[in-house]
2 protein chains.
Amino acid sequence: MSQRTVISLESIRVACKNCTLSSLCLPMGLAQEDVERLDDIVKRARPLHRGDSLFREGDKFRSLYVVKTGSVKTFAPSQEGGEQVLGFHLPGEIIGLDAIDKDVHACSARVLETSAICEIPFARLEELTANIPSLQHQMYRLLSKEIGQDTDMLLLLGKKNAEERLAAFLLSLSQRLHKRGLSPSDFYLSMSRHEIGNYLGLAVETVSRLFTRFQEDGLMQVDRKHIQLVDLPALEALVKGVGQGRDKQQQPG
Amino acid sequence: MSQRTVISLESIRVACKNCTLSSLCLPMGLAQEDVERLDDIVKRARPLHRGDSLFREGDKFRSLYVVKTGSVKTFAPSQEGGEQVLGFHLPGEIIGLDAIDKDVHACSARVLETSAICEIPFARLEELTANIPSLQHQMYRLLSKEIGQDTDMLLLLGKKNAEERLAAFLLSLSQRLHKRGLSPSDFYLSMSRHEIGNYLGLAVETVSRLFTRFQEDGLMQVDRKHIQLVDLPALEALVKGVGQGRDKQQQPG
DNA sequence: CGCGCGATTGAGCTATTTCAACCCCTGTGG
DNA sequence: CCACAGGGGTTGAAATAGCTCAATCGCGCG
């Protein structure tokens, strides 16, 4: 038993090395030596289970987290017990960047399924980046990328209808899984319809109806949490706004 | 004439120094010497006019921009000539952080009224931050803050109704202007109703009707672009969701 | 002084929400 | 091994917030 545990931890450790690499050092530029320095500060992860918290709103900010396997949702309280789901985080993705500013977490992170998560103490990472210019650059890129993604989401919530939102959501999952070497067209949702709706600014019922409709239209197969995207191109067409968006505004000047 | 020009530029230069200071070095931590080094790389600004572009979508990323006076909107094309307004940027605010990742601007920035804008070549800033840990930290905070703001916006678009959105928008302007020493309750809008609606994910007509209603309800005075917020507390109550939001979801675990 | 665009206002229209009932897994305990 | 409870999911019907269309207004500018 303890033997098994050790092996298991080590395998996580190794995998963790990989995920740190791909998240933080995407386009290379790091010397082997630096990669190891970076890796040294990454804490090995225990497996976490559905419902476990990475951190809660109000917690002091100490670390960034990288999803190795599994998935995590982040959410912030809105009013009166309600919550806004801010994101779903898949393997290779990083969590906690929004807390650097105030040094306090403004949202909570909860594990959606059994997951392995790496922890990166931010203070140590910061020291490291001060000494490795290319790593500093990666950090800037990482933060900037997060802004870009939020921007995409703003566009989604501001301009797209229910159909387009769900299609965009499915495609986003598809692409992100694909990037990690998983099937882009056959996967299991780790989040509930309710959480999807919350994330997309839609009622649960709307999400449910759309799943049904998409299936009827031959775009996908749905069996509970099991999703198969049958017609990727059609979904893409949906998102691009073949059902055109509002606002044809053109600005002078 | 050339005499006047020199004076004018110099005054901008000085003001620019201030705005750089307050944006990048908010909670101090920079030695006087470092502040000067930072200031040395900031390019002095020519006054820009309504309709002028700071950059356009697709442009190579070179610099960040800080609004000294005036205002700027950023926007991205959505589909078919439509655009999504991503933000309005007031004095002291920084523009362009989202472009670091891809080294290309994903959105355009256009000046809404005669404005003075400082330019900070990012490459030079990056060098500087590598040598000044506290400045590096400020940069991280700056980027992180931007993420936090986007998150707030997601919450707004995902969970709030028209009334709450407009109230939140007005209060945001109010607070940001106040932070710069301007009146929090009496100001001029530099953007059109159309742009406000676009930004908030509402139709122009809805914005217009809400302005009228808010005025009828004694929350504010509206005269074209001239806004006077009469009852700040009431507006705050509106945003907080006295008109409660949807979604009472509580998660197990 | 007239043109034109931004803003306002009115009146239906519709996408989406809300409310409500029901179904179907899943897991639990007898 | 089966009955039952409970939560998530689906489906239908009614309600509605906000959009669209359309007309009018009025300021600002040439």
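Per chain, numbering begins at 1; letters A, B, ... match sequence-line order. Just so you know, these numbers come straight off a predicted model, no measurement behind them.
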Can you measure [X] atom [atom1] to [N] atom [atom2] for me and round it to whole angstrom units?
{"X": "B:L157", "N": "D:dG18", "atom1": "CG", "atom2": "P", "answer": "13 Å"}
{"X": "B:E163", "N": "D:dT16", "atom1": "CD", "atom2": "C1'", "answer": "14 Å"}
{"X": "B:R50", "N": "D:dG28", "atom1": "CZ", "atom2": "P", "answer": "14 Å"}
{"X": "A:L112", "N": "D:dG8", "atom1": "CG", "atom2": "C1'", "answer": "15 Å"}
{"X": "A:N198", "N": "C:dT17", "atom1": "CG", "atom2": "C1'", "answer": "15 Å"}
{"X": "B:R165", "N": "D:dC19", "atom1": "CZ", "atom2": "C1'", "answer": "13 Å"}
{"X": "B:K159", "N": "C:dT17", "atom1": "NZ", "atom2": "C1'", "answer": "13 Å"}
{"X": "A:R213", "N": "D:dG12", "atom1": "CZ", "atom2": "C1'", "answer": "15 Å"}

Excluding sequence neighbours, so at least two apart, what forms side-chain hydrogen bond (donor to acceptor under 3.5 Å, both in side chains) with [X]?
{"X": "B:R193", "value": "none"}
{"X": "A:R224", "value": "none"}
{"X": "B:D217", "value": "none"}
{"X": "B:S172", "value": "B:R176"}

Sub-3.5 Å pairs of nitrogen or oxygen atoms, protein against nucleotides 7-13 of chain C:
| residue | atom | partner | partner atom | Å |
| --- | --- | --- | --- | --- |
| C:dA7 | OP1 | B:R193 | N | 3.3 |
| C:dA7 | OP2 | B:R193 | N | 3.1 |
| C:dT8 | OP1 | B:R193 | NH2 | 3.2 |
| C:dT8 | OP2 | B:R193 | NE | 2.9 |
| C:dT8 | OP2 | B:S208 | OG | 2.7 |
| C:dT8 | O5' | B:S208 | OG | 2.9 |
| C:dT9 | OP2 | B:T212 | OG1 | 2.6 |
| C:dG10 | N7 | B:R209 | NH1 | 2.8 |
| C:dG10 | O6 | B:R209 | NH2 | 3.4 |
| C:dA11 | N6 | B:R209 | NH2 | 3.3 |

Where do A:P77 and B:L155 come nearest, in terms of heavy atoms and distance?
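A:P77 and B:L155 have their closest heavy atoms at O-CD1, 4.1 Å.
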Do A:D186 and A:H226 meet the criterion of a side-chain donor-acceptor pair at a distance under 3.5 Å?
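Result is yes, a qualifying pair exists.
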Do B:E119 and B:S63 have a side chain donor and acceptor closer than 3.5 Å?
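Distance-only check passes for B:E119 and B:S63.
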Let me see the working for A:H89 and A:S71 under side chain to side chain donor-acceptor pair (under 3.5 Å), right down to the final yes or no.
CA-CA 5 Å; A:H89 307 270; A:S71 51; over 6 Å; no
Inter-axis angle, terminal five-pair segments of the helix from C:dC1-D:dG30 to C:dG30-D:dC1 [nearest 10°]:
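The helix from C:dC1-D:dG30 to C:dG30-D:dC1 shows an end-to-end axis angle of 30°.
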Tell me whether B:E83 is salt-bridged to A:K159, with the criterion being a basic N under 4.0 Å from an acidic carboxylate O.
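Salt bridge absent between B:E83 and A:K159.
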